[in-house]
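The structure displayed is predicted, hence computed values, not measured ones. Every chain is numbered from 1, with letters handed out A, B, ... down the list of sequences.
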2 protein chains.
Amino acid sequence: MSRADLSSSACTVARAVAAVGDEWTLLILREMFLGSRRFDDFLRQTGMSSHLLSQRLKKLVALGVVRRSVYSDRPLRHEYILTEMGKDLWPIIVAMKQWGDRWLLDGVPPVQIVHKSCECVTHPQMTCSECGEPMQARDARARLTRGFSAVRGGTADRA
Amino acid sequence: MSRADLSSSACTVARAVAAVGDEWTLLILREMFLGSRRFDDFLRQTGMSSHLLSQRLKKLVALGVVRRSVYSDRPLRHEYILTEMGKDLWPIIVAMKQWGDRWLLDGVPPVQIVHKSCECVTHPQMTCSECGEPMQARDARARLTRGFSAVRGGTADRA
DNA sequence: TGATGTAGCTTCAATTTCGGAAGCAAGTCA
DNA sequence: TGACTTGCTTCCGAAATTGAAGCTACATCA
C-alpha cells in the first residue's frame with residue numbers, strides 16, 4: 001500500500017495521518033499555532049525547502065485545514081490562516097509538545113502554554129469527557145465496531 | 001535543512017516530530033495501542049512494506065519507545081511492546097483519532113474508547129492541568145523562553 | 001530612470017527514500 | 001521429505017525530497 005491510500009482507510013487515525021501526519025506538515029502547524037502566517041516565516045522557522053512548503057500549503061488549503069487570505073492588494077500578498085478544522089488540530093501539536101518536553105528534553109521547555117482564562121502556565125492533559133478524570137493509555141480500552149473488526153480480520157486484538 | 005536535523009532542534013515539537021512524526025510510525029503506534037505486537041500483524045494492519053516496517057521498528061527500539069521481547073525460545077520469536085515512553089504517546093494518537101472522527105468521517109467512528117474506571121464510552125479531551133477546564137487553541141497563549149525567542153529571531157509572533 | 005530589494009512562489013538536477021517483490025534462515029507440522 | 005510460518009533482509013525501479021537558482025510583480029532608493 002502506498003501512503004496515498006491511507007486517506008480512504010476505514011480507520012480515522014489513518015485518515016488523519018494521511019492528512020496531516022507528515023513531518024513538515026506538523027511543523028507548519030506548530031508554526032501556525034505560534035502565530036506565523038506567511039510563506040517566508042514558515043520557511044525560516046521550519047527550515048524546509050520552498051518547494052515542499054508550497055506543496056504542503058496547497059494540500060492543507062485543499063483539505064480545508066488552512067485558508068489563503070489576501071492581506072495586501074498592491075502588491076498582492078497572501079497569508080495562511082487556520083480554519084476551524086485547522087484550529088482543531090491543536091491537541092495533536094500540544095500532545096507532541098508534552099511528550100517531547102517530557103522525554104526528549106533536559107531542562108526547561110522552550111515554550112510554555114498559558115491558559116487565558118485562568119492565566120496559569122498549564123500542562124494540558126487528556127481527560128475523560130464523561131467523568132473528567134485524567135486518562136492515559138492504561139485507563140483505556142478500544143472497542144471496535146463489528147464492521148471495522150471484520151475489515152481487520154479479527155487478528156491482533158490480544159491487548 | 002533535512003529531516004534528520006529536526007531531532008536537534010530546540011523545539012520539542014520538532015524533536016517529537018523527528019522521533020515519531022512520520023506516517024508509518026504513527027500507524028505502527030496506532031496498531032500497538034490496538035494491541036498488535038508482532039511484525040506480521042503490523043504488516044497486515046498497516047499495509048506498509050516489510051522493509052520500512054523493519055526500519056521503523058529498529059528506530060523505535062533505538063529511541064526507547066518500543067521494547068523487543070522474546071515470546072518464544074524455540075523457535076526464537078520476538079514481539080514489540082510499548083515502553084513507558086511509548087505508552088505516553090497515547091494522547092497523540094487519540095488526538096488524531098478525535099480529529100479524524102470529527103472532520104474526516106461521515107457516520108460512526110470505527111473505534112470507541114472506553115474509560116476502564118467509569119466504563120463509559122469517552123471522547124478524551126485536552127484540559128488545563130491547573131483549573132481542569134477543557135482547552136482549545138483559542139484558550140491558549142504561547143510563552144517563549146527568552147533563549148528560544150532569540151533562536152527564532154523575534155519574527156513571526158503576531159498571533 | 002535605473003538599481004536594488006522583497007514576498008511568494010516555480011523549476012530543475014542530484015540525491016534520498018519508498019514500494020513491491022523476492023529471498024532466506026530457523027524452525028514447526030504432517 | 002516437503003510444505004508452511006515468522007521475522008526479517010536484499011534488490012531495483014519509481015517517487016519524493018533537497019538545495020539552488022530563477023521568476024514575477026511590485027516598492028523603494030538615488
Side-chain angles (χ1 to χ4, degrees), chain A residues 1-9 14 17-28 31-32 36-62 66-81 153 155-156 158, chain B residues 1-7 9 14 17-18 20-28 31-32 36-62 66-81 153 155-156 158:
Chain A
M1 195 194 325
S2 77
R3 285 182 280 181
D5 303 325
L6 288 178
S7 56
S8 54
S9 164
V17 163
V20 300
D22 74 288
E23 280 98 329
W24 296 121
T25 299
L26 291 167
L27 287 187
I28 293 169
E31 273 313 300
M32 290 189 161
S36 293
R37 293 179 182 180
R38 300 196 186 159
F39 196 92
D40 275 21
D41 289 335
F42 298 131
L43 268 194
R44 253 193 301 281
Q45 300 298 341
T46 65
M48 69 200 292
S49 74
S50 52
H51 180 47
L52 256 203
L53 175 57
S54 177
Q55 277 188 197
R56 292 293 191 267
L57 286 173
K58 273 178 195 158
K59 182 176 168 189
L60 289 173
V61 170
V66 165
R67 183 165 53 83
R68 191 161 180 266
S69 140
V70 172
Y71 73 86
S72 155
D73 276 321
R74 335 210 59 238
L76 186 58
R77 295 274 186 267
H78 300 274
E79 57 187 359
Y80 296 88
I81 299 182
T155 25
R158 51 182 145 263
Chain B
M1 197 197 319
S2 77
R3 284 182 282 180
D5 303 325
L6 287 178
S7 55
S9 163
V17 163
V20 301
D22 75 287
E23 280 97 330
W24 296 122
T25 299
L26 290 167
L27 286 187
I28 293 170
E31 273 313 301
M32 289 188 161
S36 293
R37 294 179 183 179
R38 300 196 187 159
F39 196 92
D40 275 21
D41 290 335
F42 297 132
L43 269 193
R44 252 193 303 279
Q45 300 299 341
T46 65
M48 68 199 294
S49 74
S50 52
H51 179 46
L52 259 201
L53 174 57
S54 177
Q55 278 188 198
R56 292 295 190 266
L57 287 173
K58 273 178 195 158
K59 182 176 167 188
L60 289 173
V61 170
V66 165
R67 182 165 53 83
R68 192 162 180 265
S69 141
V70 172
Y71 73 86
S72 155
D73 275 321
R74 335 209 61 240
L76 186 58
R77 295 274 186 268
H78 300 274
E79 57 187 359
Y80 296 88
I81 300 181
T155 27
R158 53 182 143 261

Value in whole Å for how far the [atom2] atom of [N] lies from [atom1] of [X]:
X      : N      : atom1 : atom2 : result
L53(A) : dG8(C) : CG    : P     : 10 Å
H78(A) : dC9(C) : NE2   : C1'   : 10 Å
L57(A) : dG8(C) : CG    : P     : 11 Å
L60(A) : dC9(C) : CG    : P     : 13 Å
L43(A) : dG8(C) : CG    : C1'   : 9 Å

Which atom of V20(B) lies closest to which atom of L60(B), heavy atoms considered: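 Minimum heavy-atom contact is CG1-CD2, 4.3 Å.
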Once each nucleotide of nucleotides 10-21 of chain C is scored for protein heavy atoms under 4.0 Å, what B/S/- sequence comes out, 5' to 3'? BB------SBB-
Sugar-phosphate means primed atoms, P, OP1 and OP2; the rest is base. With that split, encode nucleotides 24-30 of chain C 5' to 3' as B, S or - using protein heavy atoms under 4.0 Å. ---SS--
Going 5' to 3' along DNA chain D, which nucleotides are the first and last within contact of chain B (any atom under 4.0 Å from a heavy atom)?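 Contact span on the strand: dT5(D) to dG19(D).
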Using residues 66-77 of chain B as the side-chain source, report each donor-acceptor pair under 3.5 Å to any protein atom, sequence neighbours left out, with the distance given to one decimal.
{"residue": "R68(B)", "atom": "NE", "partner": "Y80(B)", "partner atom": "OH", "Å": "3.3"}
{"residue": "S72(B)", "atom": "OG", "partner": "P75(B)", "partner atom": "O", "Å": "2.5"}

Would you say that T25(B) contacts K59(B) through its side chain, given a criterion of any heavy-atom pair below 4.5 Å between the two side chains? no
Any side-chain heavy-atom pair of Q55(A) and L52(A) under 4.5 Å: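 Yes, at least one pair of side-chain atoms sits under 4.5 Å.
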Taking side chain to side chain contact (heavy atoms under 4.5 Å, CB included) as the definition, give me every residue that meets it alongside S9(A), ordered by chain and number, with sequence neighbours left out. C11(A), A14(A)
Which residues pass the side chain to side chain contact (heavy atoms under 4.5 Å, CB included) test with S50(A), sequence neighbours left out?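 Listed in chain order: F39(A), L43(A).
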So does R68(A) get a side-chain nitrogen or oxygen closer than 4.0 Å to the phosphate oxygens (OP1/OP2) of dC9(C)?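 Answer yes for this pair, as a side-chain N or O of R68(A) is under 4.0 Å from OP1 or OP2.
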Less than 4.0 angstrom between a side-chain N/O of Y80(A) and OP1 or OP2 of dA7(C), yes or no? no
Using a 4.0 Å heavy-atom cut-off across all strands, classify F42(A) as base, sugar-phosphate, or nothing.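 Here F42(A) touches no strand at all.
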